[in-house]
Protein chains: 2
Amino acid sequence: MKKDPAPDSFDLALLDALQQDNSLPLRELAGRVHLSTASVQRRIQQLKKSGYIQANTAVVDPEKLGQVITLAVEVRVDRTQTADMVQLRQAFSGPEIQQCYSITGDADFLLVLTVANMSVFQQLAQRLFHDNPNVKWFRTLVVLERIKTTLHVPIDTGTP
Amino acid sequence: MKKDPAPDSFDLALLDALQQDNSLPLRELAGRVHLSTASVQRRIQQLKKSGYIQANTAVVDPEKLGQVITLAVEVRVDRTQTADMVQLRQAFSGPEIQQCYSITGDADFLLVLTVANMSVFQQLAQRLFHDNPNVKWFRTLVVLERIKTTLHVPIDTGTP
DNA sequence: GATGAAACGCAACCGAC
DNA sequence: GTCGGTTGCGTTTCATC
């Protein structure tokens, strides 16, 4: 088991650029960080291999696809033992769920999801919450505006 | 002003594939949706131009970069008139904030963010919340586990 | 070990059909 | 939507430090 070297400032600058736009040509990136295209390419491959870059994804506009309603749902359950958590994690990881966090506080889970209309959500709530005997209660927060929706990790490149 | 044609099942299948992995070669995508590479290429360009694809981003692992703590914060403010909202939206859209939603319910905003340690968050909370006279209260939910963290829009391709 | 310059081969792109 | 030609890209090589 070999350990990955810690990313230097070049790597951090690349990560910062790529999480804004991973379709930039190597030439462009090379110019920004003042390295050759070959070096940039090697570093990106290494960052992928070592897990710093988890995926390369297209960000799709939900509204364009009719998913005009965004909801946040706080869920409180009865039991959170291992077997229960396995079931809950699976139940809350379906494709209709954008994000799922287990949290501290009154609620045990925080979900974020988008739906085309409320009747879709009603059916989903029936299946995920009402039909699950382990769910004690859930509170639905309707999103009025998606002010910022990224997964960007703040990276201090030293040169802003 | 010309209107974009509604995406057909081919486009939906492409969007679904691309939001999982946008580094797939056209050849691969063409095989999946049973089209030629040229058609796929034209469709992707069109999807970008018409805004269905908002961005192409690398997903960076926060933990690998020392951002080991994820937090959700509910924020309640006093005034939400236009001028106030402008200020709040800007305040809650900084690079340290991953996501910001304005919501219904007890709280007015829901934030999601990652930090390296709690003292960083403490400073952030001071600046964003305590120092903002418009913030009535905020409730911090500590994330125990990031069970699912995507921006994927659920797409019914008809062929799962 | 990592780098940069230049060669290679393949994929994306853009017309014509 | 399909077919080729061309461009431009990512990739590999290799000499260098």
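Residue numbers begin at 1 in each chain, while the letters A, B, ... track the order of the sequences.
Both A:L47 and A:L29 are members of a single hydrophobic cluster when ILVMFWY side chains are connected at heavy-atom separations under 4.5 Å.
The salt bridge (charged side-chain N to carboxylate O under 4.0 Å, His left out) check on A:D21 picks up nothing, with sequence neighbours excluded.
Between the side chain of A:Q20 and the main chain of A:D16, a donor-acceptor pair closer than 3.5 Å is present. With hydrogens and angles disregarded, no donor-acceptor distance shorter than 3.5 Å links the side chain of B:R79 to the backbone of B:N134. The closest donor-acceptor contact from the side chain of B:S102 to the backbone of A:E145 lies under 3.5 Å. The backbone N or O of A:R43 sits nowhere less than 3.5 Å from a side-chain atom of A:D11 that would complete a donor-acceptor pair. B:Q41 contributes no side-chain N or O that, together with a main-chain N or O of B:L26, makes up a donor-acceptor pair within less than 3.5 Å.
Using a 4.0 Å cut-off on heavy atoms, none of the residues of residues 47-59 of chain B approach DNA chain C. Residues from residues 26-46 of chain A lying near DNA chain C, meaning a heavy-atom separation below 4.0 Å, are A:L35, A:S36, A:A38, A:S39, A:R42, A:R43 in numerical order.
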Could you go over nucleotides 15-17 of chain D and give all protein N or O partners under 3.5 Å, atom names and distances?
none

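Within 6.0 Å of CD in B:Q126 there are more than 12 heavy atoms belonging to other residues, nucleotides or ligands.
Alongside B:V115, the hydrophobic cluster contains A:I147, B:V68, B:I69, B:L71, B:V73, B:V75, B:V77, B:M85, B:L88, B:F92, B:I97, B:F109, B:L111, B:L113, B:M118, B:V120, B:F121, B:L124, B:L128, B:F129, B:V135, B:F138, B:V142 (criterion: ILVMFWY side chains under 4.5 Å).
Listed by first and then second residue, the side-chain hydrogen bond (donor to acceptor under 3.5 Å, both in side chains) pairs that reach into residues 55-65 of chain A are A:N22-A:N56, A:D61-B:Q54, sequence neighbours excluded.
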